[in-house]
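The structure appears right after this line, and notes come after that.
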Amino acid sequence: MKPVYLLGAIPFVGILGGIFFANRVTPYVLGMPFILFWLVMWVVLIAATMAVIYRLDPANREDPTS
């Protein structure tokens with residue numbers, strides 16, 4: 001298993017593990033209850049993390065011989 005794939009575990013821990021930390025309604029962040037903000041924030045961070053994994057994965061680089 002490549003170390004870059006361990007980055008994929010970060011969103012899993014953030015959403016599922018962080019729910020216990022973020023399980024409250026107040027404070028409101030950007031007009032959303034904190035728990036909803038936490039989930040929306042992790043959806044955006046998941047997209048960013050997957051983009052980083054895609055860029056770092058050598059399987060996605062072009063073959064210079066073709």
Please report, to 0.1 Å, the donor-acceptor pairs under 3.5 Å made by any side chain of residues 31-51, with sequence neighbours excluded.
| from | atom 1 | to | atom 2 | distance (Å) |
| --- | --- | --- | --- | --- |
| W38 | NE1 | G14 | O | 3.1 |
| T49 | OG1 | L45 | O | 2.7 |

Return each pair, listed once, that meets salt bridge (Lys or Arg N to Asp or Glu O under 4.0 Å) where at least one residue sits in residues 49-60; pairs must be two or more places apart or across chains. K2-D57

Applied to residues 4-15, the salt bridge (Lys or Arg N to Asp or Glu O under 4.0 Å) test, sequence neighbours excluded, yields none

Tell me whether I53 is reachable from I10 by hopping between hydrophobic residues (I, L, V, M, F, W, Y) whose side-chain heavy atoms are closer than 4.5 Å. yes

Hydrophobic clusters here meaning ILVMFWY residues chained together by side-chain heavy-atom distances under 4.5 Å, can you tell me if F20 and L16 are in one? no

